[in-house]
Amino acid sequence: MAPSTSSVITLNVNGEKHTLPVDHRTTLLDALREHLDLTGAKKGCDHGQCGACTVLIDGRRALACLQLAVAAEGRAVTTIEGVADGERLHPVQQAFLDLDGYQCGYCTPGQICSAIAVIEEHAKGWPSAATPDVRPEAGPPPLSPEEIRERMSGNLCRCGAYVSIVRAVERAAEEGSHVPGDAGRTAAAQPVREGGAA
């Protein structure tokens, strides 16, 4: 007897459990869009190169087009539809809106999910490729425009709204942000210094 090529899984998406049958090859992106009708995460390249499908899995950013739905079972998945607190926008969403961190809007959900994780990663002291001194005793660097650009480099914007995206991430970091589902825990982000100056 041939092994089954499908399973019934339960996904925890935006705090709600959804039970659905999926082919084992179904990506998390396709499960979200085609099975759960959550179309915020976009299918851009379908190869993990553009970031339009970025979601948060257990508070960390992930490319939903590269993640199998069966591998997301038992994990907390947050999509753009789940980052707001009811009618109140997440601070990153509000900053993107206030500072025009978008143009056509296609990449915006992935940009916002990635930015939420970037701020959290920085608050935890994680270095990036742009961090000049990664020694633990050096402490986290300021979240400069250079740091933000490096940390957001996996999210492409064909419209070229990068300047406004960086400003939006800066503002959200200054105001404090948190990963949805972290019981309201606010990341104590380091102050942003213009041009990365100390």
Got a second to check how far His18's NE2 is from Thr10's OG1, nearest 0.5 Å? 10.5 Å
Knowing that exactly one of Ser6, Ser4, Ser7 qualifies, which makes a side-chain hydrogen bond (donor to acceptor under 3.5 Å, both in side chains) with His24? Ser7
Distance check, rounded to the nearest 0.5 Å: Cys113 atom SG versus Leu56 atom CG? 5.0 Å
Same apolar cluster (I L V M F W Y, side chains within < 4.5 Å links), Tyr102/Val92: no
Considering all heavy atoms, the nearest Gly40-Glu81 contact: N-OE2, 2.7 Å
Between Ser164 and Ala161 (side chain of the first, backbone of the second, donor and acceptor by atom type, cut-off under 3.5 Å), is there such a pair? no
Look up atom CG in Asp30 and atom SG in Cys65, then write down how far apart they are to the nearest 0.5 Å. 9.5 Å
Just checking Asp37: does its CG atom have more than 12 heavy atoms from other residues, nucleotides or ligands closer to it than 6.0 angstrom? no
Specify the closest pair of heavy atoms between Ile119 and Val169, including all atoms of both residues, with the distance to one decimal. CD1-O, 4.0 Å
Do Val77 and Asn14 have side chains that get closer than 4.5 Å, going by heavy atoms? no
Using only heavy-atom distances, determine whether the side chains of Ser114 and Asn155 contain a donor-acceptor pair under 3.5 Å. yes
Say you draw a straight line from CG of Leu36 to CD of Glu16; how long is it, rounded to the nearest 0.5 Å? 10.0 Å
Would you compute the distance between atom CG of Leu63 and atom NE2 of His47 and round it to the nearest 0.5 angstrom? 13.0 Å
Under 3.5 Å, is there a donor-acceptor pair between the Glu147 and Thr131 side chains? yes
Can you tell if the side chain of Leu32 reaches within under 4.5 Å of the side chain of Val55, non-hydrogen atoms only? yes
Between Glu121 and Arg60, is there a side-chain N and carboxylate O pair less than 4.0 Å apart? no
Would you say the side chain of His90 lies within less than 4.5 Å of the side chain of Asp85, judging by non-hydrogen atoms? no
Among Glu170, Glu174, His122, which residue meets the side chain to side chain contact (heavy atoms under 4.5 Å, CB included) test with Leu143? His122
So, Ser128 and Glu150: side-chain donor and acceptor under 3.5 Å apart, yes or no? no
So, the side chain of Gln67 versus the backbone of Leu28: is there a donor-acceptor pair under 3.5 Å, distance only? no
Under a 3.5 Å threshold, yes or no: a donor from one side chain and an acceptor from the other, between Gln94 and Asp98? yes
Given the rule in the side chain to side chain contact (heavy atoms under 4.5 Å, CB included) test, do Arg149 and Tyr162 qualify, once you have shown the distances and angles that lead to the verdict? CA-CA 8 Å; Arg149 281 192 289 274; Tyr162 296 113; over 6 Å; no
Restricting to non-hydrogen atoms, name the atom on Arg61 and the atom on Arg151 that form the minimum distance, rounded to 0.1 Å. NH1-O, 2.9 Å
Would a distance-only check, ignoring hydrogens and angles, find a side-chain to backbone donor-acceptor pair under 3.5 Å from Asn12 to Ala76? no
Interatomic distance, CZ@Arg25 vs CG@Leu68, rounded to 0.5 Å, equals 10.5 Å
Taking all heavy atoms of Ala71 and all of Arg75, pick out the closest pair and write down the distance. O-CD, 3.6 Å
With clusters defined by side-chain heavy atoms of hydrophobic residues (ILVMFWY) lying less than 4.5 Å apart, directly or transitively, does Leu38 cluster with Ile57? yes
Can you name the closest pair of heavy atoms from Leu11 and Ala69 and give their distance? CD2-O, 3.6 Å
Is there a side-chain contact between Ile165 and Cys157 (heavy atoms, below 4.5 Å)? yes
Same cluster or not: are Ile80 and Leu29 linked, directly or through other Ile, Leu, Val, Met, Phe, Trp or Tyr residues, by side-chain heavy atoms under 4.5 angstrom apart? no
Does Leu99 belong to the same Ile/Leu/Val/Met/Phe/Trp/Tyr cluster as Ile112, with side-chain heavy atoms less than 4.5 Å apart forming each link? no
Could you give me the CA-CA distance, side-chain angles and deciding distance for Val118 and Trp126, then say whether side chain to side chain contact (heavy atoms under 4.5 Å, CB included) is met? CA-CA 9 Å; Val118 160; Trp126 295 3; over 6 Å; no
Decide yes or no for Val83 and Ile116: does some side-chain heavy atom of the first lie under 4.5 Å from some side-chain heavy atom of the second? yes
Are more than 12 heavy atoms from other residues, nucleotides or ligands located less than 6.0 Å from atom CD of Glu137? yes
Can you list the steps and then say if Arg33 with Lys42 is a side chain to side chain contact (heavy atoms under 4.5 Å, CB included)? CA-CA 8 Å; Arg33 293 181 59 81; Lys42 301 296 191 270; 3.9 Å; yes
Checking Leu66 against Thr27 for the side chain to side chain contact (heavy atoms under 4.5 Å, CB included) test, could you report, in this order, the C-alpha distance in whole Å, the side-chain angles of both residues, the deciding distance, and whether it holds? CA-CA 7 Å; Leu66 297 182; Thr27 64; over 6 Å; no
Over all heavy atoms of both residues, which pair between Tyr106 and Ala52 is shortest? Give the atoms and the distance, please. CE2-CB, 4.4 Å
